[in-house]
A.B. asks: 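Sending over a structure as structure tokens; questions will come in a sec.
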Amino acid sequence: MPYANPDAMISTEALAARLGAPDLVVLDATFHLPTAKRDARAEFAREHIPGAQYFDIDAIADPGTELPHMLPSPEDFARAAGALGVDDDVDVVVYDVHGISSAPRAWWMLRIFGHRRTRVLDGGLPKWKREGRPVTSLVAPAPLRRFVARFDRAGVRGKAEVKANIGSRKEQVLDARSTGRFRGVDPEPRPGLRGGRIPGSCSLPYNLLIDPKTQTILPADALRARFIEAGIDLTRPVVTSCGSGVTACVLALGLHLLGHDRVAVYDGSWAEWGLPGDTPVETG
């Protein structure tokens, strides 16, 4: 079974063949959880794919909220993307050091703001290095380009919409966090959050979409099986969620590969929903 939308991914072989092309922008979108105590930007400075720029998920974000890396305004995103050399005339490849973890967040952000020529590097930096492909510590300046943001509001959900959906059940909510966090038996990596899940939501830890040996996305038939096993009806709309809107985008990517075009990401995710307040929580 082939992917319905295979252009969302690019192989290491295909990227290597195009590396250095003037109409190609490569972005390292690595993000680490706070508990990892790792500095993604410093790691990028030590080692990255030649020609890559660093896409900082925490910096390309809304500065007016304490919630982590919420979507910025279209104007702010346009400035950040243009400074990284992105416009409508270039192809973009995003990757991360985990394989496939945070790169889909950058893929999703670029799509939400209108860039449709973005692909995720299948297997990420681990596969690239395993194959003996080049890395460097040199950072070339990005050409300044003008990116025009066209915000796709339909691809994003806020807390009020997710809360209203508990009653209507018009959309299926799918959680990318670990099973323990979903059930409320494992602690959250961010302090001050309750444990548990959005009532009525389904669980599909994002890593189950990834081959653990190669760090590549699963074939289409296996992807489809994962979503169905999680209780998702692939004919109905889906809202993906996670800890802070990052790995929710891995689920969104998987659904996109299968041709599911009614997918939105709950941007605040558990970093917002899990705060003390009026949001209902299920456990167990």
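Sequential numbering from 1 along the given sequence is applied to the chain's residues.
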A.B. asks: Is the shortest distance from a Lys or Arg side-chain nitrogen in Lys127 or Glu131 to a carboxylate oxygen in the other one below 4.0 Å?
C.D. replies: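 So Lys127 pairs with Glu131 through a salt bridge.
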A.B. asks: Taking only residues two or more places apart in sequence or in another chain, which ones pass side-chain hydrogen bond (donor to acceptor under 3.5 Å, both in side chains) with Arg18?
C.D. replies: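 Here the qualifying residues are Asp23, Asp91.
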A.B. asks: Indicate yes or no: does Arg194 engage Glu188 in a salt bridge with an N to O separation below 4.0 Å.
C.D. replies: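 Not counted as a salt bridge, because no side-chain N and carboxylate O are separated by less than 4.0 Å.
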A.B. asks: Check Arg105 with Asp267, please: is the shortest side-chain N to carboxylate O separation under 4.0 Å?
C.D. replies: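 Yes, charged N to carboxylate O under 4.0 Å.
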A.B. asks: Excluding sequence neighbours, so at least two apart, what forms side-chain hydrogen bond (donor to acceptor under 3.5 Å, both in side chains) with Glu171?
C.D. replies: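 In terms of side-chain hydrogen bond (donor to acceptor under 3.5 Å, both in side chains), with neighbours along the sequence ignored, Glu171 is linked to Arg157.
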A.B. asks: Name all pairs fulfilling the ring-ring contact (aromatic ring centres under 6.0 Å, His included) condition that reach into residues 221-263, sequence neighbours left out, sorted by first residue then second.
C.D. replies: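 Every ring-ring contact (aromatic ring centres under 6.0 Å, His included) pair that includes a residue of residues 221-263, provided the two are not neighbours, is Trp107-His256.
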A.B. asks: Shared ILVMFWY cluster between Met9 and Leu258, side chains joined below 4.5 angstrom?
C.D. replies: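 Yes, because Met9 and Leu258 connect within a single hydrophobic cluster, where side-chain heavy atoms sit under 4.5 Å apart.
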A.B. asks: Can you name the one residue among Asp175, Val250, Leu209, Ile232 that meets side-chain contact (heavy atoms from CB on, under 4.5 Å) with Leu204?
C.D. replies: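 Filter result, single survivor: Leu209.
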A.B. asks: Does Arg117 come within less than 4.0 Å of Asp7, counting only side-chain N to carboxylate O?
C.D. replies: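 Salt bridge between Arg117 and Asp7, a charged N being under 4.0 Å from a carboxylate O: no.
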A.B. asks: Decide, yes or no, whether a salt bridge links Glu282 with Arg197 under the criterion of side-chain N to carboxylate O below 4.0 Å.
C.D. replies: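 Between Arg197 and Glu282 there is a salt bridge, with a charged N closer than 4.0 Å to a carboxylate O.
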A.B. asks: Indicate the ring-plane relationship of Phe77 and Phe147, choosing parallel, tilted or perpendicular according to the 30° and 60° boundaries.
C.D. replies: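 Correct class here is perpendicular.
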A.B. asks: My understanding is that only residues two or more places apart in sequence, or in another chain, count here; which of them pass side-chain hydrogen bond (donor to acceptor under 3.5 Å, both in side chains) with Arg190?
C.D. replies: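 Applying side-chain hydrogen bond (donor to acceptor under 3.5 Å, both in side chains) to Arg190 gives Ser244.
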A.B. asks: Each residue besides Val162 in its hydrophobic cluster should be listed here, by chain and number; the cluster joins Ile, Leu, Val, Met, Phe, Trp and Tyr at side-chain heavy-atom distances under 4.5 Å.
C.D. replies: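 Val162 shares its hydrophobic cluster with Leu67, Met70, Ile166, Val173, Leu193, Ile198, Val239, Tyr266, Trp270, Trp273, Leu275, Val281.
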A.B. asks: Could you grab the distance from atom CZ of Phe113 to atom CG of Leu71, nearest 0.5 Å is fine?
C.D. replies: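 Here the rounded value is 5.0 Å.
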A.B. asks: Mind checking ring pair (Phe, Tyr, Trp, His ring centres under 6.0 Å) for His69 and listing every partner two or more places apart, or none if nothing turns up?
C.D. replies: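 Phe31.
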A.B. asks: Start with the C-alpha distance between Lys129 and Glu47, add both sets of side-chain angles, then the distance that settles salt bridge (Lys or Arg N to Asp or Glu O under 4.0 Å), and finish with yes or no.
C.D. replies: CA-CA 10 Å; Lys129 290 174 61 179; Glu47 176 180 81; 2.8 Å; yes
A.B. asks: When rounded to the nearest 0.5 angstrom, what distance separates CG in Asp211 from CG in Asp122?
C.D. replies: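 Reported to 0.5 Å precision, the distance equals 9.5 Å.
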A.B. asks: Quick one: are Ile112 and Arg153 in side-chain contact, heavy atoms under 4.5 Å?
C.D. replies: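 Not touching, per the 4.5 Å side-chain cut-off.
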A.B. asks: When rounded to the nearest 0.5 angstrom, what is the spacing between OG in Ser241 and CG in Leu251?
C.D. replies: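 Ser241 atom OG to Leu251 atom CG measures 9.5 Å (nearest 0.5 Å).
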A.B. asks: Apply salt bridge (Lys or Arg N to Asp or Glu O under 4.0 Å) to Asp278 and Lys163, showing your working.
C.D. replies: CA-CA 10 Å; Asp278 61 351; Lys163 195 173 181 182; 2.9 Å; yes
A.B. asks: Could you walk me through whether Arg224 and Asp221 pass the salt bridge (Lys or Arg N to Asp or Glu O under 4.0 Å) check?
C.D. replies: CA-CA 5 Å; Arg224 183 179 180 85; Asp221 54 351; over 6 Å; no
A.B. asks: Please report the shortest heavy-atom distance between Leu223 and Gly254, naming the atom on each side.
C.D. replies: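 In this case the closest contact between Leu223 and Gly254 is CD1-O, 4.0 Å.
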A.B. asks: What distance do Asp233 atom CG and Ile228 atom CD1 have between them, rounded to the nearest 0.5 Å?
C.D. replies: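 One finds 9.0 Å between CG of Asp233 and CD1 of Ile228.
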A.B. asks: Taking all non-hydrogen atoms of both residues into account, name the closest pair between Ile49 and Tyr95 and its distance.
C.D. replies: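 Here Ile49 and Tyr95 meet closest at N-OH, 3.1 Å.
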A.B. asks: Check for me, please, whether Val94 and Trp128 land in the same ILVMFWY cluster - side-chain distances under 4.5 Å, paths through other members count.
C.D. replies: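 No, separate clusters.
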A.B. asks: Is the shortest side-chain N to carboxylate O distance from Arg41 to Asp39 below 4.0 Å?
C.D. replies: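 No salt bridge links Arg41 with Asp39.
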A.B. asks: Between His48 and Glu43, do the side chains contain a donor N or O and an acceptor N or O under 3.5 Å apart?
C.D. replies: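 His48 and Glu43 do not have a side-chain donor-acceptor pair below 3.5 Å.
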